[in-house]
Amino acid sequence: MLDIKFVRSNPQIVKEALEKRGASINLDEFLELDEQRREKLAEVENLKNRRNVVSKEIGSLKREGKDASDLVEEMGQVGENIKILDNQVREIDEKMESIIMAIPNIPHESLPIGPDESFNRVERTWGEPTKFDFEPKAHWDLGEMHDILDFERAAKVTGARFTIYKGLGARLERSLISFMLDVHTTEHGYTEVLPPFMVNRQSMTGTGQLPKFEEDLFKVNNTDYFLIPTAEVPVTNIYKDEILNEKDLPILHCAYSPCFRAEAGAYGRDTRGLIRQHQFNKVELVKFAHPENSYEELEKLTNNAEKILQLLELPYRVVTLATGDIGFSAAKTYDLEVWLPNSNTYREISSCSNFEDFQARRANIRFKGDKGKPQFVHTLNGSGLAIGRTTAAILENYQQEDGSIKIPKVLQKYMGVEVIK
RNA sequence: GGAGAGAUGACCGAGCGGCUGAAGGUGCACGCCUGGAAAGCGUGUGUACGGGCAACUGUACCGAGGGUUCAAAUCCCUCUCUCUCCGCCA
């Protein structure tokens with residue numbers, strides 16, 4: 001969420017930011033409530049002060065054995081008034097809360113401005129789109145050909161948008177998980193975490209999935225738990241309500257988890273293959289950074305994710321999301337897009353974002369140095385990478401004319417074979 | 001699932017109706033001491049919100065939410081979490 005003081009003193013900046021995003025929020029109502037709240041607060045605090053002072057008087061009078069019944073009676077009335085005002089303040093608080101929790105983050109000034117993804121800016125391209133002197137097959141066809149991906153039986157076991165990995169397919173998926181975690185922990189300095197795959201409502205609110213996007217989540221029946229849509233949620237919330245030591249920043253975590261997404265509103269899109277599933281695997285990178293250098297940390301994090309694609313020798317490009325395409329909680333996002341030969345296009349395989357203090361304020365994650373007050377940390381995260389889409393990219397980019405699939409050099413020791421045929 | 005114990009500041013830990021924002025300790029910061037360090041000594045050290053240019057000041061906060069009371073960390077109720085024992089179990 002945004003800083004209420006900032007909203008109060010810079011309403012124009014906030015309005016412009018919301019406009020760039022294409023979000024509509026009734027900010028004036030919020031500001032009006034804020035004013036009302038402060039009035040009521042002053043009133044009730046005066047009464048409470050009176051109560052505190054008089055209660056002490058009553059105490060000393062009683063100790064001296066004197067009569068205090070006048071004061072007691074007066075305080076009875078004051079107590080009633082306090083109760084009424086407290087309720088009014090709470091009502092206003094709730095209204096303000098529901099408004100500010102629905103306000104998205106303010107986009108960073110470096111973003112291209114525009115209403116949709118066509119305004120995204122390509123920053124750089126690595127490698128060349130893979131060339132074939134035959135018609136490249138789709139990864140779902142390759143998967144079924146080698147009997148390593150089974151979509152039909154998964155539909156029988158569960159439903160649409162689920163996959164059974166089999167044999168070397170399962171092994172490829174597992175190899176990618178291990179490979180990515182190994183690179184990030186040994187070469188990039190991240191500490192591995194294996195978090196819970198379900199979280200409570202508070203955690204979902206902390207990172208910004210709730211209250212606005214409940215329909216995108218799977219909720220576990222008879223509990224208040226949700227299946228995580230990304231490891232970002234449990235890992236970011238590790239330090240919820242904590243004050244970190246400034247010296248420990250930045251804190252770097254990487255985590256493997258399955259991800260569960262309802263994909264509401266995606267009917268008919270990407271219905272074939274591994275691209276859009278209700279359950280997929282992902283290795284996530286999460287950082288807790290000092291506000292002074294969080295944008296440098298974003299560059300590094302993006303580079304860390306890119307490194308995986310480079311080691312796998314998969315062609316990709318880096319794109320800065322435009323103001324209208326960026327996620328609710330993010331201030332700036334780089335998408336990494338991998339080349340998929342069969343669809344003849346780049347597809348998102350990682351999304352690396354700086355949330356600044358937006359999530360930290362919601363989840364109450366702060367740091368403190370030797371001097372000075374606690375401040376909110378900046379949180380960042382990025383996929384490093386989405387495993388299912390990586391598998392798809394490998395199948396399509398590494399396919400041979402006879403349908404066999406070469407295994408990228410760095411994966412061969414994990415796979416135990418050099419080719420799937 | 002059954003029985004019991006507990007949740008207090010960065011951390012440990014006292015307090016169990018009013019004089020407690022909270023003893024004591026640890027940690028941390030600053031100063032003294034030292035050639036330098038350790039030890040020792042001294043001083044300081046909560047958060048949020050409101051008001052004030054500021055010094056400062058008001059309110060709230062002792063797991064969360066309700067209640068009793070003139071007054072609650074302290075009494076009552078509900079919930080959450082942690083620990084111990086029993087049962088069950090990968």
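Keep in mind that the numbers below use all heavy atoms, side chains included, and drop hydrogens, waters and symmetry copies. By convention in this document, chain letters (A, B, ...) are assigned in the order of the sequence lines, proteins followed by strands, and residues within each chain are numbered from 1.
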Looking only at atom P, what distance separates rA14(B) and rC75(B), rounded to whole Å?
16 Å
Complement of rA71(B), any strand, by Watson-Crick or G-U distances under 3.5 angstrom
none
Give a yes-or-no answer on whether the side chains of Tyr256(A) and Glu192(A) include a donor-acceptor pair shorter than 3.5 Å.
no
Any carboxylate oxygen within less than 4.0 angstrom of a Lys/Arg side-chain nitrogen, looking at Asp3(A) and Arg8(A)?
no
Using both distances under 3.5 Å as the test, list the Watson-Crick or G-U wobble partner of rA48(B), or none.
rU59(B)
Students often get this wrong, so: under 4.0 angstrom with heavy atoms, is Asn245(A) touching a base, only sugar-phosphate, or nothing?
nothing
Check Arg124(A) with Glu306(A), please: is the shortest side-chain N to carboxylate O separation under 4.0 Å?
yes
If the P atom of rA73(B) is compared with that of rA22(B), how far apart are they to the nearest Å?
13 Å
Using a heavy-atom cut-off of under 4.0 Å over every strand shown, decide if Arg366(A) touches base, sugar-phosphate, or nothing.
sugar-phosphate
rC56(B) and rG17(B): how far apart are their P atoms, nearest whole angstrom?
35 Å
Within the structure shown, what part of the strands sits under 4.0 Å from Arg8(A) by heavy-atom distance: base, sugar-phosphate, or nothing?
sugar-phosphate
Does the pair Glu313(A)/Lys409(A) count as a salt bridge with the N-to-O cut at 4.0 Å?
yes
Boundaries of the chain A footprint along RNA chain B (any atom under 4.0 Å from a heavy atom):
rG18(B) to rA71(B)
Please measure how far the C1' atom in rG44(B) lies from the corresponding atom in rC49(B), and state the result in whole Å.
25 Å
Rounding to an integer number of angstrom, what distance separates rA5(B) and rC61(B) when you compare their C1' atoms?
26 Å
Decide, yes or no, whether a salt bridge links Asp150(A) with Lys166(A) under the criterion of side-chain N to carboxylate O below 4.0 Å.
no
Can you tell me the Watson-Crick or wobble partner of rG1(B), both distances under 3.5 angstrom?
rC86(B)
Sugar-phosphate only, base, or nothing, as touched by Lys5(A) at under 4.0 Å among non-hydrogen atoms
sugar-phosphate
Identified pairing partner of rU80(B), criterion: Watson-Crick or G-U wobble below 3.5 Å:
rA7(B)
Check every strand shown and say whether Leu41(A) touches a base, only sugar-phosphate, or nothing at a heavy-atom separation below 4.0 Å.
sugar-phosphate
Using atom P of each nucleotide, how far apart are rG63(B) and rU57(B) to the nearest Å?
28 Å
Looking at rC30(B), which nucleotide sits across from it as a Watson-Crick or G-U wobble partner, both distances under 3.5 angstrom, or is there none?
rG42(B)
Of Asn49(A) and Ser55(A), whose nearest nucleotide on RNA chain B comes first from the 5' end?
Ser55(A)
What distance, rounded to whole Å, do you find between the two C1' atoms, one in rG18(B) and one in rA72(B)?
10 Å
Are Lys48(A) and Glu45(A) within salt-bridge range, i.e. N to O under 4.0 Å?
no
Tell which nucleotide pairs with rG24(B), taking only Watson-Crick or G-U wobble pairs whose two distances are both under 3.5 angstrom.
rC12(B)
Taking the nucleotide of RNA chain B with the nearest heavy atom to each, does Gly59(A) or Asp3(A) sit closer to the 5' end?
Gly59(A)
Salt-bridged, Asp182(A) to Lys413(A), with N to O below 4.0 Å?
no
Quote, to the nearest angstrom, the P distance that separates rU45(B) from rU82(B).
36 Å
Taking NZ, NE, NH1 and NH2 as the nitrogens, is one of them in Arg50(A) or Glu74(A) under 4.0 Å from a carboxylate oxygen of the other?
yes
